[in-house]
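Atoms considered below: every heavy atom in the structure, side chains included; atoms not considered: hydrogens, waters and symmetry mates. Every chain is numbered from 1 and lettered A, B, ... according to where its sequence line falls, protein lines coming before strand lines.
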Protein chains: 2
Amino acid sequence: MADKNINDVKNPVQSAERIFGVLEMLAVTGPIGLVELSTKLVLHKSTVHRLLLSLICMGYVNQDEETGKYMLSFKIVELSGKILSKVDIITKVRPFIEELANSCRETVHFVQRRGTDVFYLEKVAPLNPQESAIRMASQVGFSRPLYCSAVGKAILAEMKDDEIKYIWDNSVVEKKTEKTITGYQELQMELAQIREKGYALDNEENEIGVRCIAACIKNHNGIPNNAFSISAPVGRMTDERIAILAQDVLKTRMIIQKALGH
Amino acid sequence: MADKNINDVKNPVQSAERIFGVLEMLAVTGPIGLVELSTKLVLHKSTVHRLLLSLICMGYVNQDEETGKYMLSFKIVELSGKILSKVDIITKVRPFIEELANSCRETVHFVQRRGTDVFYLEKVAPLNPQESAIRMASQVGFSRPLYCSAVGKAILAEMKDDEIKYIWDNSVVEKKTEKTITGYQELQMELAQIREKGYALDNEENEIGVRCIAACIKNHNGIPNNAFSISAPVGRMTDERIAILAQDVLKTRMIIQKALGH
DNA sequence: AACCTTGTTTCATATTATGAAACTTTTTTC
DNA sequence: GAAAAAAGTTTCATAATATGAAACAAGGTT
């Protein structure tokens, strides 16, 4: 993932560094007491207390009346909603994503590249009681490495060789399942295949039991910044069905590119 | 809405106040230049510049390479995802919400009370191409006053009289449509009806063309903190269909309360 | 009842943020 | 295409702010 202060540039505002540290820690821990929090952050409890008061004052944090523990309010969720509502690629693409989910009756994701990862911007789940397995796996606001997801590989396949190499070198390659690609050569061959077919597959490389089909979407400069995928349990994702769904994916990609006008 | 520094208590950390001011402003404006931003915030451009550098350093802000404008990254969305994934009422209730959306083929929302508002925690939209009208109207992360939504009224109906009065007095009552309730007496009569029937209706009180049916959910202390609703365009929400859907809503409420074990 | 842990407040001090000004770069105007 | 204006960035002395030790308060535990 590798954020934690891009570069090691010193933060020009110390208290900003600290207060966002508190915020991010709270997002990870959930409700927590002052001493435990200050221990985790390696900050004086007096300092953390003051920062918490500030966050409470701004509406980002609440203190549980009964337990005294501090926790995040939904103000961040609210901000997130405002941010997403301004991302116009989502509103432009959503109808087609929904159409695809509707016609194939499977979960469809829409992602955006962010450094070495893909970031999940939108999920459309079909109302199909059988497949609750997939439903929980991925959510808006989460991210995955490019190299081990169908959406990621679809994007990679359209990038220049040196960019691909750079991303590979800066990714933490991890064998998530026995099928995860962990060699650069292997990835290159895979990408060549994707270029040929026009779509990418994730054959249980990320999570056992889940297969995906993805295609990328280029922006007005021809840069592959987005992608979408169909995800389904292996049981419903046979090779025969992949052949069919792949056609839907390719068709949807074409329609979206045309709708975007580039 | 009325946040903006709960009470008028002075923020104990000035730079926190300012840096979150920058963050919130960026969420509203979208990409924006330094001078315009500092003018809006009534802060020296040098100060705003330093705060922006700090936000960039922490990964919350990006600067557009071409235009030089500053904008929020998706880090807030990521935090929001983490927060929501920890709200266990959502995971507990989701299956039943989905089941309801599935059986009635309409959009279902799940909300939580927050002061004088309801806050939208989850939306399940059926894959039904006809009804794109509703789909966009409400989203996770947004909020509405209690008094003018079905979910809000369902919650209010279960509250004590003095609490209802308090909320009414602290709500900004606004005639959103010609059917919006704007009198306290009128609201009280409406709430009495809701108590009798067990469910609440929004008959185009919030938005012309949209009707909703809602029921509230009580927590382990018997406090009505959550609610869910079915929303649909008037065309599909005839009085006859309301009678049918109301039964689904009541049944779902019962199942959820039982599943929550209180 | 004494002791420990957690949470809160105070305050002198040192550190940090501030913003004016200088400077650079980009855009606009004539 | 030169001059002017606007936007963006950097520097630095100074004023203001954040800091954390210490004292205090409130629950909890032995």
>> Among residues at least two apart in sequence or on other chains, which ones pass side chain to side chain donor-acceptor pair (under 3.5 Å) with Gln112(B)?
In response: none
Could you list the donor-acceptor pairs under 3.5 angstrom formed between side-chain atoms of residues 216-224 of chain A and any protein atom two or more places apart in sequence or on another chain?
from	atom 1	to	atom 2	distance (Å)
Lys218(A)	NZ	Glu158(A)	OE1	3.0
Asn219(A)	OD1	Asn221(A)	N	2.8
Asn219(A)	OD1	Gly222(A)	N	3.3
Asn219(A)	OD1	Ile223(A)	N	3.0

>> Output one letter per nucleotide in nucleotides 25-30 of chain D: B when a protein non-hydrogen atom lies under 4.0 Å from the base, S when only the sugar-phosphate is that close, - when neither is.
In response: ------
Using a cut-off of under 3.5 Å, enumerate the N/O to N/O pairs linking the protein to nucleotides 5-7 of chain D.
none

> Nearest-Å distance, CD1 (Ile56(B)) to P (dG8(D))?
Replying inline: 12 Å
> Is the side chain of Arg113(A) donor-acceptor paired with the backbone N or O of Gly115(A) at a distance under 3.5 Å, no angle test?
Replying inline: yes
> What is the distance, rounded to the nearest whole Å, between atom CG of Leu52(B) and atom P of dT10(D)?
Replying inline: 12 Å
> Is any side-chain N of the basic residue among Lys176(B) and Glu207(B) closer than 4.0 Å to the acidic one's carboxylate O?
Replying inline: no
> Do side-chain atoms of Ser80(A) reach the backbone of Ile76(A) as a donor and acceptor pair under 3.5 angstrom?
Replying inline: no
> Partners of Asp88(B) by salt bridge (charged side-chain N to carboxylate O under 4.0 Å, His left out), sequence neighbours excluded?
Replying inline: Lys92(B)
>> What's the angle between the local helix axes at either end of the helix from dA1(C)-dT30(D) to dC30(C)-dG1(D), using five pairs per end and rounding to 10 degrees?
In response: 40°
> Do side-chain atoms of Lys69(A) reach the backbone of Leu34(A) as a donor and acceptor pair under 3.5 angstrom?
Replying inline: no
> Quick one: salt bridge (Lys or Arg N to Asp or Glu O under 4.0 Å) pairs with a partner in residues 27-43 of chain A, sequence neighbours left out?
Replying inline: none
> Taking only residues two or more places apart in sequence or in another chain, which ones pass salt bridge (charged side-chain N to carboxylate O under 4.0 Å, His left out) with Lys165(B)?
Replying inline: Asp169(B)
> Below 4.0 angstrom from OP1 or OP2 of dG7(C), is there any side-chain N or O of His49(A)?
Replying inline: no
>> How would you summarise protein contacts on nucleotides 13-21 of chain D per nucleotide, using B for base, S for sugar-phosphate only and - for none, with heavy-atom distances below 4.0 Å?
In response: ----SSBBB
>> Would the distance check show the side chain of Ser149(A) and the main-chain N or O of Gly152(A) forming a donor-acceptor pair, the cut-off being under 3.5 Å?
In response: yes
> Leu53(B) has an atom CG; how far is it from atom P of dG8(D), in whole Å?
Replying inline: 13 Å
> Quick one: ring-ring contact (aromatic ring centres under 6.0 Å, His included) pairs with a partner in residues 34-80 of chain A, sequence neighbours left out?
Replying inline: Tyr60(A)-Phe20(B), Phe74(A)-Phe119(B)
>> Whole angstroms only, please: what is the NZ-C1' distance between Lys69(B) and dG8(D)?
In response: 12 Å
> Could you state the CG-P distance from Leu37(A) to dG7(C), rounded to the nearest angstrom?
Replying inline: 10 Å
>> Among residues at least two apart in sequence or on other chains, which ones pass ring-ring contact (aromatic ring centres under 6.0 Å, His included) with Tyr166(B)?
In response: none
> Sequence neighbours excluded, which residues qualify as side chain to side chain donor-acceptor pair (under 3.5 Å) partners of Ser15(B)?
Replying inline: Ser15(A)
